[in-house]
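This report concerns only the one structure given below.
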There are 2 protein chains.
Amino acid sequence: MNFMSHEHHNTHASSTLNDRAQLLLKTLVERYIADGQPVGSRALSKFSGLDLSPASIRNVMADLEEMGFIASPHTSAGRIPTARGYRFFVDTLLTVKPLDRLEINQLEGQLQVDNTQKLVASASHVLSDLTHFAGVVVTPRRSSGFRHVEFLRLADKRILLILVTADGDVQNRIIHTEKAYSPSELTEAANFLNQNFAGCTFEDIRRRIQNELRQLREDVAQLMAAALNAGDQAVSDGAEDVVISGEINLLGIDDLSSNMGKLRDLFNLFERRTSLLQLLDQSSRAQGVQIFIGGEAGLQPLDECSVVTAPYEVDGKVVGTVGVIGPTRMAYERVIPIVDITAKLLSSALTQR
Amino acid sequence: MNFMSHEHHNTHASSTLNDRAQLLLKTLVERYIADGQPVGSRALSKFSGLDLSPASIRNVMADLEEMGFIASPHTSAGRIPTARGYRFFVDTLLTVKPLDRLEINQLEGQLQVDNTQKLVASASHVLSDLTHFAGVVVTPRRSSGFRHVEFLRLADKRILLILVTADGDVQNRIIHTEKAYSPSELTEAANFLNQNFAGCTFEDIRRRIQNELRQLREDVAQLMAAALNAGDQAVSDGAEDVVISGEINLLGIDDLSSNMGKLRDLFNLFERRTSLLQLLDQSSRAQGVQIFIGGEAGLQPLDECSVVTAPYEVDGKVVGTVGVIGPTRMAYERVIPIVDITAKLLSSALTQR
DNA sequence: CTCCAGCGCTCGCCTGATACGAGCGCCAGT
DNA sequence: ACTGGCGCTCGTATCAGGCGAGCGCTGGAG
């Protein structure tokens, strides 16, 4: 049909957009994010501030469509940004306004600092609350070192094992034993472990204890073994998990809730966790805010979603990722600083612990 | 119109249903639960086993409708059970088949026994998994007694406080202090608390310590206060909460997911928790399985839902509730024993800890 | 008295037709 | 280079008509 029609504009010779096209793309994306309606040439001519007629704008829009930045959902509707359009938008057109002091303080106030678990949970909650999308936080990687153990006698043959890891996290479990231990035996066993192995990794301990084990009394050895098992599990178990909150918000997003099937795929993704974790881990290698738009994440349940992430650190070392999952059509200029600040606040909260 | 037409049947003179009506109601409910389609007179005549013609059945159905057990969604469709119909069904018509041994074992295997929190979480998960609805568990009421405390020095002025309550639950938090404590000071303070107050409630301790407090060294007193605060919070904080899992399953239920608005109300209810908790608490006063159908719960987000609950116990005392939330149209004869058994398994798992 | 076959009726749903309007592409004129 | 205008494409809304499921009722049979 129009196989020659695209000769009459010089802009498309280079794959880079001229200023006019950029401005129009920018306002188109902004309008679409605001309204959720396909944006027509008339609307663009009104809102671009460029004082061009709709007809002229249509030419530019045709070019933009040809280059894959925008698309028509159907023949006679306005245009909406494609994933590539959003990408260009966030990369070069977006102007983020930083949060004002008040919001930051408010955000900081909502973080519950008294406990790593709570801290992470509240961070996720804050993210979902402020953005009205789903907040995700990957729990901090454990340093997996041993710090302290305590055996507490509950009943004759039931002992409460309390284990403190190097990063100050507490694990506890109940162990059933063959024999009834006396409190002094328990203290003795705990002391032995605490004095000899504080600071080691659990693998280290396991290796070193292999040799000394037969020099110990049989029953004490059993306690040790239990402690080591608990330690192993503490490492692998709480190893790396992703906390999601505010998924419910996504039910309200009409972009998503129109496709019931899509929506369920999305929630299944949340439940499986593992592929999501992979994605978030990947983002923790970069520094600063990172954005996955639509299929860029490589997960098709996220087709119509964007993921905005930022790594957070403890003592200068990246240990996890925070992020927001929402529809591709989200207010990036608001979400980006929110994620950014949350990561920073989380970092500092974890570092000063 | 038919203001006299209901004279020609003697059944409705008494509000109790005759055998035929009961059987028809039973098969109607069963058919509807199985198919999800309004049940017509022809279908009933086929499945009831009564060898009656559709026409005769229509008479009975008319009576049933008049008494409020069934209703037509519109003029020319079959009938569906009303809330009252379901109620009568579960009260007097339902025949529950107990789970077979295999299923019970499988269910038992899925409970993670090593920790109260995990146990509760896995119970909720099991419920949602087996029923494909949402599983809920109210966490066990704490006995709120003090058993053991431990102060662990993390850094100069940061101390990890580990608190064990009477029921063997472990709470931990990090406290920041004015002064740098030595390990021996910490041990001393812990010993003082452990030896003098084990078994008391936190209020007791607070009262008794008021007097002795000024006899203690100032800095030790500070530690005590921190421990007491943590204890108070442990009691109120983890006091009573409801764990929900498998909400996602409800997305797949077409009865619910047709009304997007309803669905969101439902999920909001889940998130607010408090009114749900009230409902579940209420059910913990009864014993055995209890069922709330539709509006019976008094919460209109649950309009089209049923809640099947059963209390669970520790040492013969009810401490919480397990349950399933699903559409009114659920396979009660399966859900009821599942909830029942789960409550029993949870009871025994908690008792033998 | 009980039951049943049949008739007419009511509606919900599906289908096809029509009208409308938004938005685009193209072109000719400035 | 820009713009006004024309024709075209489609999606949506509205409406009418046909279909079919299911019901209520009634008259007749056992």
Side-chain angles (χ1 to χ4, degrees), chain A residues 1-13 18-21 23-24 27-28 31-32 35-66 69-81 254 258, chain B residues 1-13 18-21 23-24 27-28 31-32 35-67 69-81 258:
Chain A
M1 299 311 187
N2 54 357
F3 48 93
M4 295 210 96
S5 67
H6 48 332
E7 294 295 324
H8 61 117
H9 262 255
N10 60 357
T11 52
H12 98 293
N18 62 18
D19 287 354
R20 169 181 299 177
L23 179 59
L24 286 177
T27 58
L28 187 145
R31 288 304 309 165
Y32 182 66
D35 283 11
Q37 301 292 335
V39 184
S41 50
R42 182 145 62 241
L44 263 194
S45 105
K46 257 202 302 230
F47 289 102
S48 69
L50 267 188
D51 198 39
L52 286 180
S53 83
S56 312
I57 291 192
R58 271 180 237 136
N59 289 321
V60 185
M61 288 171 81
D63 291 352
L64 285 173
E65 180 160 25
E66 198 183 349
F69 290 113
I70 59 180
S72 320
H74 50 261
T75 316
S76 159
R79 308 299 221 291
I80 63 176
D254 28 0
S258 52
Chain B
M1 298 308 188
N2 54 356
F3 50 91
M4 294 211 98
S5 66
H6 48 337
E7 294 295 322
H8 61 117
H9 261 255
N10 60 357
T11 53
H12 98 293
N18 63 18
D19 288 354
R20 171 180 298 178
L23 179 60
L24 286 176
T27 58
L28 187 144
R31 288 305 307 166
Y32 182 65
D35 282 11
Q37 301 292 335
V39 183
S41 50
R42 181 144 62 240
L44 265 194
S45 107
K46 257 200 301 224
F47 290 102
S48 69
L50 267 187
D51 198 38
L52 287 180
S53 82
S56 312
I57 291 192
R58 273 181 235 134
N59 288 321
V60 185
M61 289 171 81
D63 291 352
L64 285 173
E65 179 160 24
E66 198 182 347
M67 294 189 233
F69 291 114
I70 58 180
S72 321
H74 52 260
T75 315
S76 160
R79 309 299 221 290
I80 62 175
S258 51

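The sequence lines fix the lettering, A, B, ..., with proteins before strands; numbering per chain opens at 1. Since we're looking at a predicted model, the values are computed, not measured.
- Phosphate proximity of C:dG23 to A:S41: absent, as no side-chain N or O sits under 4.0 Å from OP1 or OP2.
- Of the inter-residue distances, the one linking B:D63 atom CG with B:L24 atom CG reads 10.5 Å to the nearest 0.5 angstrom.
- In this structure, the nucleotide among D:dT3, D:dC23, C:dC4 sitting nearest to the side chain of A:N59 is D:dT3.
- Applying the side-chain hydrogen bond (donor to acceptor under 3.5 Å, both in side chains) test to A:D254 and every residue at least two apart in sequence or in another chain returns nothing.
- Residue whose closest nucleotide on DNA chain C sits further toward the 5' end, between A:V39 and B:R58: B:R58.
- Across the protein-nucleic acid pair, A:Q37 atom CD and C:dG21 atom C1' stand 14 Å apart, rounded to whole Å.
- With values rounded to the nearest 0.5 angstrom, B:L28 atom CG is found 11.0 Å from B:L23 atom CG.
- Side-chain nitrogen and oxygen atoms of A:R79 include at least one within less than 4.0 Å of the OP1 or OP2 phosphate oxygen of C:dC24.
- Within the structure, every side-chain polar atom (N or O) of A:R20 is placed at least 4.0 Å from both OP1 and OP2 of D:dA1.
- For B:M61 and D:dA21, the CE to C1' distance is 12 Å, given to the nearest whole Å.
- Between its two ends, the helix from C:dC1-D:dG30 to C:dT30-D:dA1 turns its axis by 20°, counting five pairs per end and rounding to 10 degrees.
- Atom-to-atom, CD1 of B:I57 to C1' of C:dC3 comes out at 12 Å; the value is rounded to the nearest Å.
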Exercise answer: donor-acceptor pairs, residues 45-52 of chain B side-chain atoms, under 3.5 Å, sequence neighbours excluded:
| unit_1 | atom_1 | unit_2 | atom_2 | d |
| --- | --- | --- | --- | --- |
| B:S45 | OG | B:R42 | O | 3.3 |
| B:S48 | OG | B:L44 | O | 3.2 |
| B:S48 | OG | B:L50 | N | 3.0 |

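- To the nearest angstrom, P of C:dC26 lies 11 Å from CG of A:D63.
- To the nearest angstrom, C1' of D:dA21 lies 15 Å from CG of B:D35.
- Within residues 42-55 of chain A, no residue approaches DNA chain C, by heavy-atom distance under 4.0 Å.
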Show the atom names and distances, to 0.1 Å, of all donor-acceptor pairs under 3.5 Å that link a side chain in residues 69-81 of chain A to residues at least two apart or in another chain.
| unit_1 | atom_1 | unit_2 | atom_2 | d |
| --- | --- | --- | --- | --- |
| A:S72 | OG | A:E65 | OE2 | 3.4 |
| A:S72 | OG | A:R79 | NE | 3.3 |
| A:R79 | NE | A:E65 | OE1 | 2.9 |
| A:R79 | NH2 | A:E65 | OE1 | 2.6 |

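- Following rounding to the nearest Å, B:I80 (CD1) and C:dG12 (P) show an atom-to-atom distance of 14 Å.
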Please write out each protein N/O paired with an N/O of nucleotides 9-16 of chain D under 3.5 Å, distance rounded to 0.1 Å.
| unit_1 | atom_1 | unit_2 | atom_2 | d |
| --- | --- | --- | --- | --- |
| D:dC10 | O5' | A:T75 | OG1 | 3.1 |

